[in-house]
2 protein chains.
Amino acid sequence: MDEWKYENAPQLRDLFSRFAKSDWRKLTRWSIKASEVRLLLAIKESHGSCSDAGGMTVSDLSKLLQVTSPTVTQMINNLIKNDYVIRSIHPGDRRVAEITLTDKGEQIAQEAGELFTQLFNGLIDHLGKEQSDQLIALLEQVFQYFEQVGKEQL
Amino acid sequence: MDEWKYENAPQLRDLFSRFAKSDWRKLTRWSIKASEVRLLLAIKESHGSCSDAGGMTVSDLSKLLQVTSPTVTQMINNLIKNDYVIRSIHPGDRRVAEITLTDKGEQIAQEAGELFTQLFNGLIDHLGKEQSDQLIALLEQVFQYFEQVGKEQL
DNA sequence: CTAAATAAATAGGTTGCCTACCTAATCAAA
DNA sequence: TTTGATTAGGTAGGCAACCTATTTATTTAG
């Protein structure tokens with residue numbers, strides 16, 4: 001009885017395996033690392049929605065990208081070296097670094113934003129609006145499930 | 001008009017980002033690397049379906065796991081060192097290494113197989129049979145889309 | 001027999017993180 | 001004001017998961 005219910009589990013696993021292996025985030029075309037592109041994009045997108053003209057902090061970026069702050073620091077160091085971002089000290093709290101995009105960094109972030117927008121708009125076209133909404137609903141549940149399982153593992 | 005169509009693209013991207021960041025394959029509990037567990041499992045699952053009692057070749061594993069053969073070799077070297085697999089020369093073609101599981105390796109593969117089966121059966125429970133079938137159909141299309149985009153990038 | 005193709009191994013490299021630990025600055029309590 | 005605790009970020013080293021370049025040995029094809 002239950003065997004019929006789980007007949008597609010292997011297929012599901014195969015699919016998720018294939019997904020794990022491919023990473024759309026690697027679909028980039030710039031001379032910097034994919035992770036660094038994501039950081040530039042994160043700065044641009046948050047800066048845009050932030051009414052005060054300051055930059056991003058390391059902690060903010062760390063939370064947003066879900067990586068540790070030393071990871072962010074090291075990315076930033078490399079991006080500074082190649083003139084994509086600028087680091088300055090926050091006037092009100094000297095512990096805090098403010099990270100802002102240079103024009104060069106802005107350019108890449110802009111392009112990356114467009115690329116990803118195009119990518120996911122294309123996916124919606126490919127699936128159709130209704131199906132893509134459905135996919136969202138389903139994936140939310142999948143994510144929830146994996147998170148729950150992850151917790152139980154600890 | 002089209003803007004309404006793409007209103008959920010950011011959400012889709014966010015979801016895919018979260019998925020990219022988490023990796024169910026890491027949900028393991030053994031003292032070897034997740035990638036190595038996968039290799040052991042691949043051996044067990046293919047060996048089971050293979051009517052001749054020989055082991056797996058490096059090429060086979062490479063194709064199955066979608067990694068290069070040097071990657072497989074190095075994994076195997078480590079697994080040999082820790083007594084999870086045995087390498088022998090194929091009697092009919094001395095270029096070919098045959099990789100078989102030790103009892104120890106068999107044990108881990110067995111457990112991993114059960115863990116993943118449980119994981120995906122649990123997902124089907126979580127979603128319901130109908131929804132999980134739907135997810136499969138949708139993900140097939142998503143995968144198709146990303147593959148196509150990946151090709152166009154080159 | 002010889003050259004090309006094949007299978008696998010070795011070595012070195014990159015990316016994407018993480019942890020351990022440290023310094024400097026800020027905050028809170030005495 | 002001083003002191004201890006907390007916070008923010010930086011540095012260094014390490015690991016996992018691959019990849020590429022190259023080499024060696026074996027097999028195949030002409």
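No hydrogens, no waters, no symmetry mates; every other heavy atom, side chains included, goes into these values. On a predicted model such as this, the values are computed, not experimentally measured, just so you know. All chains are named by letter (A, B, ...) in the order of the sequence lines, taking the proteins before the strands, and each is independently numbered beginning at 1.
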Undergrad: From CE of Met75(A) over to C1' of dG9(D), roughly how many Å is that when rounded to an integer?
TA: 14 Å
Undergrad: Which side-chain N or O atoms in residues 74-85 of chain B pair as donor and acceptor under 3.5 Å with protein atoms at least two apart or in another chain?
TA:
from, atom 1, to, atom 2, distance (Å)
Asn77(B), OD1, Arg87(B), NH2, 2.7
Asn78(B), ND2, Glu36(B), OE1, 3.4
Asn78(B), ND2, Glu36(B), OE2, 2.9
Asn82(B), ND2, Asn78(B), O, 2.9

Undergrad: To the nearest Å, give me how far apart CG (Asp60(A)) and P (dT7(D)) are.
TA: 16 Å
Undergrad: In whole Å, what is the span from the NZ atom of Lys81(A) to the C1' atom of dT11(D)?
TA: 14 Å
Undergrad: Run the side-chain hydrogen bond (donor to acceptor under 3.5 Å, both in side chains) test against Ser62(A) and tell me which residues pass, sequence neighbours left out.
TA: none
Undergrad: Is Glu130(B) atom CD crowded by more than 12 heavy atoms from other residues, nucleotides or ligands, each under 6.0 Å away?
TA: no
Undergrad: Looking at the rings of Phe19(B) and Phe143(A), which for Trp means the six-membered one, are their centres under 6.0 Å apart?
TA: yes
Undergrad: Please identify each residue that fulfils salt bridge (charged side-chain N to carboxylate O under 4.0 Å, His left out) with Lys129(A), with sequence neighbours left out.
TA: Asp133(A), Glu7(B)
Undergrad: Near DNA chain C, counting only heavy atoms under 4.0 Å, which residues of residues 30-40 of chain A show up?
TA: Lys33(A), Ala34(A), Ser35(A), Arg38(A)
Undergrad: Quick one: list whatever passes salt bridge (charged side-chain N to carboxylate O under 4.0 Å, His left out) with Glu140(B), sequence neighbours left out.
TA: Arg18(A)
Undergrad: From the 5' end of DNA chain C to its 3' end, which nucleotides mark the outer limits of contact with chain B, defined by a 4.0 Å heavy-atom distance cut-off (strictly under)?
TA: dT6(C) to dC17(C)
Undergrad: Name all residues meeting the side-chain hydrogen bond (donor to acceptor under 3.5 Å, both in side chains) criterion together with Asn121(B); count only those two or more places apart in sequence or in a different chain, and write none if there are none.
TA: none
Undergrad: Output one letter per nucleotide in nucleotides 19-30 of chain D: B when a protein non-hydrogen atom lies under 4.0 Å from the base, S when only the sugar-phosphate is that close, - when neither is.
TA: BBB----BS---
Undergrad: Using a cut-off of strictly less than 4.0 Å, decide whether Asn77(A) has a side-chain nitrogen or oxygen near OP1 or OP2 of dG10(D).
TA: no
Undergrad: Check side-chain contact (heavy atoms from CB on, under 4.5 Å) between His90(A) and all other residues, then give those that pass, not counting sequence neighbours.
TA: Asp93(A), Val96(A), Glu98(A)
Undergrad: Would you mind listing every ring pair (Phe, Tyr, Trp, His ring centres under 6.0 Å) that reaches into residues 101-123 of chain B, with sequence neighbours excluded?
TA: Phe16(A)-Phe120(B), Trp24(B)-Phe116(B), Trp24(B)-Phe120(B)
Undergrad: Ile76(A) CD1 to dT11(D) C1': how many Å, rounded?
TA: 14 Å
Undergrad: Looking across every strand, which nucleic acid part, if any, lies under 4.0 Å from Ser62(A) by heavy atom: base, sugar-phosphate, or nothing?
TA: nothing
Undergrad: Tell me the interatomic distance from Leu61(B), atom CG, to dC18(D), atom P, rounded to whole angstroms.
TA: 13 Å
Undergrad: Quick one: list whatever passes side-chain hydrogen bond (donor to acceptor under 3.5 Å, both in side chains) with Thr73(A), sequence neighbours left out.
TA: none
Undergrad: With nearest nucleotides of DNA chain C determined for Thr73(B) and Arg25(A) from heavy-atom distances, which residue corresponds to the more 5′ nucleotide?
TA: Thr73(B)
Undergrad: With Arg38(B), which residues qualify under side-chain hydrogen bond (donor to acceptor under 3.5 Å, both in side chains), at least two apart?
TA: none
Undergrad: To the nearest angstrom, how far is Lys63(A) atom NZ from dT7(D) atom P?
TA: 11 Å
